[in-house]
Number of protein chains: 2
Amino acid sequence: MLRTPMKWNDLSEEACPVARAMSVIGDRWTLLILRDCLFGFRRFDDIQRRLGITRHVLAERLKKLETAGLLDRRPYQERPVRHEYVPTQAAKDFIPVMQVMIGWANDHLAVNKPSPYKTLMRDTREPIAPKVIDANTGTEITSKTIWVEEND
Amino acid sequence: MLRTPMKWNDLSEEACPVARAMSVIGDRWTLLILRDCLFGFRRFDDIQRRLGITRHVLAERLKKLETAGLLDRRPYQERPVRHEYVPTQAAKDFIPVMQVMIGWANDHLAVNKPSPYKTLMRDTREPIAPKVIDANTGTEITSKTIWVEEND
DNA sequence: ACTATAAGTTCCTATTTGGAACTGAGTCAA
DNA sequence: TTGACTCAGTTCCAAATAGGAACTTATAGT
């Protein structure tokens, strides 16, 4: 399988969905910014202070996430007008991806500090244990149960 | 919630698992390199040509993935010795994360080109439909079914 | 001896990021 | 009504990272 080389800044039209995901969430800091917005930290200075990211990079990333349709910049006060960045449905649909990633990091990149947050099931109030299954068969998706095939 | 600012190159000890994940897979190109290795493209020149990544960056990323315990550099021939990068169990355990991400990208970043590969369930040979559930309750994990709480 | 291959490394240039200072719209307190 | 403060950026320069091309090392094949 030979294919034409990719350019990092032109990944959005790639045929591979992983590459297209990178075009949106692949830049430095972007996923942490998205995490903050999804966890309720939606204002410029809040995010800047929490991450320690330089301000113009944060401004650029927020613009890109807005353009990509993951964040909605909307005023939270008038006089002076101030905006916050609210996750769209596309961003909310990213939550399962992030939770599975959190599960992976907890399993493989453990550290002897407690996480600053915990995720619970809304109904049982028990910590979640994310597991990926195939919606059609109910079988767990692991390296052993799937098969990747080339198209063409 | 105030916290100390992060430094991009010192994320591996962060309390937040998303940040720790970034310390391993957050650099430019890294996730695409991991995708290639997981999909069977494990040799330096193969990966370099497929991605169009500059060679010293690829060398640096492969070293970092090896150090992080995701890839195992092992010889595939002697005379001259040549190495390939084989995914470890930690990398294989990342497959569900990647598949959920692929599902998200297919839903939200569609493009009018067919994917260069397709993922099937090994037993039914049907395309997978990844879904994230809570292993304890069986409930689907979405923005509506979970609850994020601060620790401390 | 000459050509080729794979996996790096080196070097120089271009792009991206970090960090600090500056701006603008407006509030609040003296 | 001046002065200090807040939040959301923007601007500027220096430092770090990435792109691209050439070079290296070990070997095989012709």
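Note that the structure is a prediction, hence the values are computed from the model and not measured. Quick note on labels: first sequence line is chain A, next is B, and so on, each numbered from 1.
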What is the distance, to the nearest angstrom, from the [atom1] atom on [X] to the [atom2] atom on [N]?
X     : N      : atom1 : atom2 : value
A:R74 : D:dA8  : CZ    : P     : 15 Å
A:Y76 : D:dC7  : OH    : P     : 7 Å
A:L58 : C:dT16 : CG    : P     : 17 Å
A:Q48 : D:dT10 : CD    : P     : 14 Å
A:F44 : C:dT23 : CZ    : P     : 17 Å
A:L32 : C:dT17 : CG    : P     : 14 Å
B:E78 : C:dA6  : CD    : P     : 17 Å
A:E66 : D:dA8  : CD    : C1'   : 14 Å

- Side-chain donor or acceptor of A:H56 under 3.5 Å from a matching atom on the base of C:dG19?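 Such a pair exists between side chain and base.
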Less than 4.0 angstrom from a charged side-chain N to a carboxylate O is my criterion; do [X] and [Y] meet it?
X     : Y     : answer
A:R74 : A:D72 : yes
B:D45 : B:R50 : no
A:E84 : A:R43 : yes

- Query: Do A:D134 and A:T137 meet the criterion of a side-chain donor-acceptor pair at a distance under 3.5 Å?
  - Reply: yes
Among [options], which is the nearest nucleotide to the side chain of [X]?
X     : options                : answer
B:R55 : C:dT17, D:dT27, C:dT9  : C:dT9
B:R79 : D:dC7, C:dT9, D:dT27   : D:dT27
B:D45 : C:dA7, C:dT17, D:dT10  : C:dA7
A:I53 : C:dA6, C:dG18, D:dG19  : C:dG18
B:N9  : C:dG26, D:dT17, C:dT17 : D:dT17
B:T54 : D:dG19, D:dA8, C:dT17  : D:dG19
A:R49 : D:dG19, D:dC7, C:dT17  : D:dC7
B:K63 : D:dT17, C:dT9, D:dG20  : C:dT9

- Query: On DNA chain D, nearest-nucleotide positions of A:W8 versus A:R43: which is more 5'?
  - Reply: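 The residue whose closest nucleotide sits nearer the 5' end is A:R43.
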- Are A:I95 and A:F41 in one and the same hydrophobic cluster, where Ile, Leu, Val, Met, Phe, Trp and Tyr link if side-chain heavy atoms are under 4.5 Å apart? yes
[X] side chain near [N] phosphate (N/O to OP1/OP2, under 4.0 Å):
X     : N      : answer
B:R28 : D:dG19 : yes
B:K7  : C:dT17 : no
A:R61 : C:dT17 : yes
A:Y85 : D:dC7  : no
A:W29 : C:dT16 : no

- Message: Once you apply a heavy-atom cut-off of 4.0 Å, does B:R82 come out as touching a base, just sugar-phosphate, or nothing?
- Response: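 Base, at least one base atom sits under 4.0 Å.
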- Query: Mapping A:E60 and A:P80 onto DNA chain C by nearest heavy atom, which one lands closer to the 5' end?
  - Reply: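 Result of the comparison: A:E60.
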- Task: Any chance you could measure A:I47, atom CD1, to A:W29, atom CH2, to the nearest 0.5 Å?
- Result: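 That separation rounds to 12.5 Å.
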